[in-house]
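I have placed the structure first, in the form of structure tokens, so that the comments after it can refer back to it.
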Amino acid sequence: MATSERNNKILLDLVQQPGNNLCADCGAPDPDWASYTLGIFVCLNCSGMHRNLPAVSKVKSIRLDHWEDSLVEFMQEKGNSAAKAIFEKCVPVFFYQPQQKDCIVLKDQWIRAKYERREFTGENIYFQKVYSAELFEATLWKKGKDSKQFFKSTFLLSQKDFTLRYFIKEDSKVPKAVINMKDLNAVFQPEKIGHATGLQISYVDDERSKNLFVYHEDGQVIVSFFNAIRATRLAYLLKKNPTLQEKDLKHQLTAHCLKEGYMEKTGPTQREPFKKRWFTLCSMNRKLLYFKSPLDATELGAVFIGTESHGYSVSETSSRNARGSRWCCGISLETPERQFVFMCEQEQEQSEWIMAFRKVISQPMTPEDYSNEANLRRGK
């Protein structure tokens, strides 16, 4: 067997070993690229980000490229587990570790933080101090409430009182809003916002859900701001739950929606005309929110989703009951107070929504869920 073929076979055997069989950076299965300067196996997408760091990482395909004996020996000595022990030695609980489906800016900054800035090796705690500082300030572009334009705004995170303030004028002393960490959530939404670094900040104000849409040209700035939000929220949750440890609260730092998209809805009598609305379903707060459009600042309404034992259920419904609807794939959501009827454009959307609703309905309710349900009922 030729040396080149033998070396490729060794690499293909190595990548099957536990630890190496998942991308070192995003966890994608069956990576077929490798950084021969870091000794790690990565997926195609992450290999492209490594190419942007030529000073610290150089990549080759383990199937298509020629590998010298010395490089293969280096890969045998290292591997993903050994690299993680070095480059992920001190990752704070609040720092978001992206997965395969996460957006590019999150994965790019995770890779840069690990290998370029070496934030988690234990050599330098500067960055962790910045994220967890009592005050964290960032100037971002924020979408206007009733405008498609983005305007510069200053955001100030405080671990003193667990708030996020933002100011729409440089010289302003009074914030436009003071947002409590209790109900704040931040998720990247690049496609929805129309910018590669687009971040959606959601919160509750006077029992209504509101959204801010922001971005920054520099990926490091926006991802640092995102992780500072998570650090501040973790500090808030630790104070609220003094008997719990950081790892127990990690899953509460960021709430990803189960499903988003357009459906048509009718009113309580089901004789009202159907109207197209943008819906968001989140399992953490068990709420279905609806808006006129994806980038609206304030919800039009909300539906609490309880459990089956409390009178909540979901099923398909016939399009014949949908007066005036342009779409024909119906969903019936039963609650103790009323029946909601939604219409989807396609059967796949209908199936995905029903699956998402059933996932929430199947989850046991917490004391906070009961409180949220009562608050929503009072609001109506």
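No experiment lies behind these values; they were computed from the predicted model shown.
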I need the [X] [atom1] to [Y] [atom2] distance, nearest 0.5 Å.
X: Leu258; Y: Trp353; atom1: CG; atom2: CH2; result: 9.0 Å
X: Asp102; Y: Cys26; atom1: CG; atom2: SG; result: 9.0 Å
X: Trp278; Y: Phe291; atom1: CH2; atom2: CZ; result: 10.5 Å
X: Leu249; Y: Leu234; atom1: CG; atom2: CG; result: 6.5 Å
X: Trp33; Y: Asn45; atom1: CH2; atom2: CG; result: 11.5 Å
X: Thr154; Y: Leu156; atom1: OG1; atom2: CG; result: 9.0 Å

**Asked** Is the distance between the ring centroids of Phe342 and Trp327 under 6.0 Å?
**Response** no
**Qualifying residue for side chain to side chain donor-acceptor pair (under 3.5 Å) with Gln109, from Arg117, Lys114, Gln220** = Arg117
**Message:** Which label fits Tyr131 and Phe94: parallel for a plane angle under 30°, tilted from 30 to 60°, or perpendicular past 60°?
**Reply:** perpendicular
**Prompt:** In terms of ring plane angle, is the pair Trp110 and Phe120 parallel, tilted or perpendicular, where the classes change at 30° and 60°?
**Reply:** tilted
**Prompt:** Picking from Phe225, Tyr96, Phe226, Phe213, what satisfies ring pair (Phe, Tyr, Trp, His ring centres under 6.0 Å) with Phe188?
**Reply:** Phe226
[X] with [Y], same ILVMFWY side-chain cluster at under 4.5 Å:
X: Tyr236; Y: Val93; answer: yes
X: Ile229; Y: Val178; answer: no
X: Val223; Y: Tyr126; answer: yes
X: Leu140; Y: Ile168; answer: yes
X: Phe74; Y: Val59; answer: no

On the ring face of [Y], is [X] found with NZ or CZ under 6.0 Å from the centre and within 45° of the axis?
X: Lys265; Y: Tyr290; result: yes
X: Arg277; Y: Phe279; result: no
X: Lys276; Y: Tyr262; result: yes

**Message:** Tell me which one of Met355, Gln350, Glu349 satisfies side-chain contact (heavy atoms from CB on, under 4.5 Å) with Glu352.
**Reply:** Glu349
Ignoring hydrogens, what is the shortest heavy-atom contact between [X] and [Y]? Give both atom names and the distance.
X: Thr197; Y: His216; result: OG1-O, 2.7 Å
X: Ala186; Y: Thr254; result: O-CG2, 3.4 Å
X: Leu106; Y: Pro98; result: O-CG, 3.6 Å

**Asked** Any ion pair linking Lys210 and Asp183 (charged N to carboxylate O, less than 4.0 Å)?
**Response** no
**Prompt:** In terms of side-chain heavy atoms, does Asp25 have a donor or acceptor partner in Tyr115 at a distance below 3.5 Å?
**Reply:** yes
**Prompt:** Is the side chain of Arg286 donor-acceptor paired with the backbone N or O of Phe304 at a distance under 3.5 Å, no angle test?
**Reply:** no
